[in-house]
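Within every chain, numbering begins at 1; the chains are lettered A, B, ... in the order of the sequence lines, protein sequences first and strands thereafter.
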There are 2 protein chains.
Amino acid sequence: MKKFSDNSVDLIFADPPYHLQLPEGRRLKRGDGSEVIPVADGWDKFESYEEYDSFTENWLRGCQRVLKPTGTIWVMGMYHNIFRVGKIMQDLGLWFLNDVIWVKIDAMPNFKCRRFTNNHETLIWAVKNKNCKNYTFNYEFLKMMNDGRQMKDTDWTFPICRGPERLRDENGIKSHPTQKPLKLIQQVLLTASRKGDLVLDPFMGSGTTAVVAHALHRNWVGIEKEKRYVELANMRIENYIQTK
Amino acid sequence: MKKFSDNSVDLIFADPPYHLQLPEGRRLKRGDGSEVIPVADGWDKFESYEEYDSFTENWLRGCQRVLKPTGTIWVMGMYHNIFRVGKIMQDLGLWFLNDVIWVKIDAMPNFKCRRFTNNHETLIWAVKNKNCKNYTFNYEFLKMMNDGRQMKDTDWTFPICRGPERLRDENGIKSHPTQKPLKLIQQVLLTASRKGDLVLDPFMGSGTTAVVAHALHRNWVGIEKEKRYVELANMRIENYIQTK
DNA sequence: GCAAGGCATGAATCTACAT
DNA sequence: GATGTAGATTCATGCCTTG
């Protein structure tokens, strides 16, 4: 297997497993009796926080190595995992630029009424190390698209991935449990990359990053452990190229 | 010194030092030549991440000990520190309910145009441990005050602390660099405490928590290391009681 | 008295270049 | 690499001055 060169990637977008720790065997039902299908795949199962931390440190270390000094890394998460991930990123010397809040507008309500509705995910945006000042940030473009005002870390409001964009199998079952919306990844690439840049997604899943990168004329590399998702992503990308 | 009893506190609100790591000697100036006054107090200075982590684990361990199984703890922070704090909270066994986003509406812009405007702070809301189910959460009240809709973790929008509410000395200099808005603390107490409950603020600062607790008929205990802030908070509370 | 405009300021890991 | 200095740049709000 060919090894990535050091300092070779312009932008990394990572949506790692969230380590949700849902209790086994419990079912959450909506008021109409229908069942909420949880993320219960093997790739989100870890024995302990320690195992999750070790997994996290390993892939982050690799990402930091291949990231250019002018590049940036984006890591998504929710409260289950993002604090552990962020702490490990800091320990590795990655230097935070912002934590951006993706506010959803149609998230699932809290059925048990014992907490606030989970209506956001957090994106940590960082450079390779503290000394990296010359990173790509398309400030003027974002400002223009934001009514002439500087973009804020709370200005990212997009719907979750649903409707025709959501990939489903022949039975209508969603093909990937955590497919991310195209607009979210588009915003990441428009913020911090240029035409011709190399984009890496170490958890490619259904291939959203690849599709967006292709559409915006960025080069891309995706990594995915589950063979069925690699096939899914390949089909999706081929479809996109043909129908465009 | 009398020691707090185990399991004796109904609600903890903690706004710890953020460990900002601003470069020494550098000045950030506005276009008109005026200077941005940074948070550069000794209490926010730590030698390293390790020292900050150790400090954090110590105070959190104490908070967890005194927190009732029916109580909750709220911890505020920004991207500089909140990820480390959250990871340590999870390691201690504190169980997260939500991460709530306080969206500001009038935060300082990013003068250098190299990042997004920092326009939010994060509040982690947690219970003593995973098994605590019977915590205080005034769900119906919040729903009523939110136009009949379930409150979301992104529904907290308050201005920063300025205007007449902001404490200043005779020269107009702010008395505390990080005074929090009354409405923010009010929202915390209205969410997760009842009349007569005991509220603990381990970083009392200018005493905002005490004033709000008094106004909402909660009992309170505040801890503060800096003598000048203790005096400031005492004066503020006396003023509030007299003028009410 | 009222409206318009000037000015101060806020938890900031905020630049580029020369020595 | 650390340090010093010149230089370019921002948004919402509220108080105060001016007309």
Between CG of A:Asn146 and C1' of D:dA12 the distance, given in whole Å, is 14 Å
Please walk me through it: do B:Asp10 and B:Lys68 pass salt bridge (Lys or Arg N to Asp or Glu O under 4.0 Å)?
CA-CA 6 Å; B:Asp10 294 290; B:Lys68 284 185 187 174; 2.9 Å; yes
Please classify the nucleic acid contact of B:Pro159 as base, sugar-phosphate, or nothing, using heavy-atom distances under 4.0 Å.
nothing
In whole angstroms, how far is the C1' atom of D:dC11 from the CG atom of B:Asn118?
13 Å
Candidate nucleotides C:dT15, D:dA8, C:dA11, ranked by approach to the side chain of B:Lys29 - the nearest
D:dA8
Whichever of B:Pro17 and B:Lys112 has its nearest DNA chain C nucleotide further upstream toward 5'
B:Pro17
Counting only side-chain N and O atoms of B:Arg26, is one of them less than 4.0 Å from OP1 or OP2 of C:dC14?
no
Exactly one of B:Glu165, B:Gln186, B:His176, B:Arg236 should register a side-chain hydrogen bond (donor to acceptor under 3.5 Å, both in side chains) with B:Thr208. Which one does?
B:Arg236
Given B:Trp95, B:Tyr135, B:Trp125, the one that forms side-chain hydrogen bond (donor to acceptor under 3.5 Å, both in side chains) with B:Thr72:
B:Trp125
Below 4.0 Å: OP1/OP2 of C:dG10 and any side-chain N or O of B:Lys174:
yes
When all nucleic acid strands are considered with a 4.0 Å heavy-atom cut-off, which category describes B:Pro181: base, sugar-phosphate, or nothing?
nothing
Answer yes or no for A:Lys104 and A:Trp102: cation-pi contact, defined as NZ/CZ to six-membered ring centre under 6.0 Å and angle to ring axis within 45°.
yes
Pairing partner of C:dT19, by Watson-Crick or G-U wobble and under 3.5 Å for both distances, is D:dA2
For A:Gln90, answer base if it contacts any base atom (sugar-phosphate contacts may also be present), sugar-phosphate if it contacts only those atoms, and nothing otherwise; contact means non-hydrogen atoms under 4.0 Å.
base
B:Arg84 NZ/CZ over B:Tyr49 ring centroid, <6.0 Å and within 45° of normal
yes
Base paired to C:dC7 (Watson-Crick or G-U; both N/O distances under 3.5 angstrom)
D:dG14
Output the rounded distance in Å from CG (A:Asn131) to P (C:dA16).
13 Å
Under 3.5 Å on both distances, the Watson-Crick or G-U partner of D:dT9:
none
Between A:Lys130 and B:Arg30, name the one whose nearest nucleotide on DNA chain C is closer to the 5' end.
B:Arg30
Tell me if the side-chain of B:Lys180 makes a donor-acceptor pair with the base of C:dA11, cut-off 3.5 Å, by modelled atom types.
yes
Categorize B:Pro38 for me: base, sugar-phosphate, or nothing, with a 4.0 angstrom heavy-atom threshold over every strand shown.
base
Looking at B:Arg166, does any N or O in its side chain come under 4.0 Å of the phosphate oxygens OP1/OP2 on C:dA11?
yes
Nearest 0.5 angstrom please: A:Trp156 CH2 to A:Leu184 CG, how far?
6.5 Å
Between B:Met108 (CE) and D:dA12 (C1'), how many Å, whole number?
13 Å
Are any of A:Tyr139's side-chain N or O atoms less than 4.0 Å away from OP1 or OP2 of D:dT10?
yes
B:Cys113 side chain, from C-beta outward: closest of C:dA11, D:dT9, C:dG10
D:dT9
For the base of C:dA12 and the side-chain ring of B:Phe111, does the geometry meet a stacking cutoff of under 5.5 Å between centres and under 30° between planes?
no
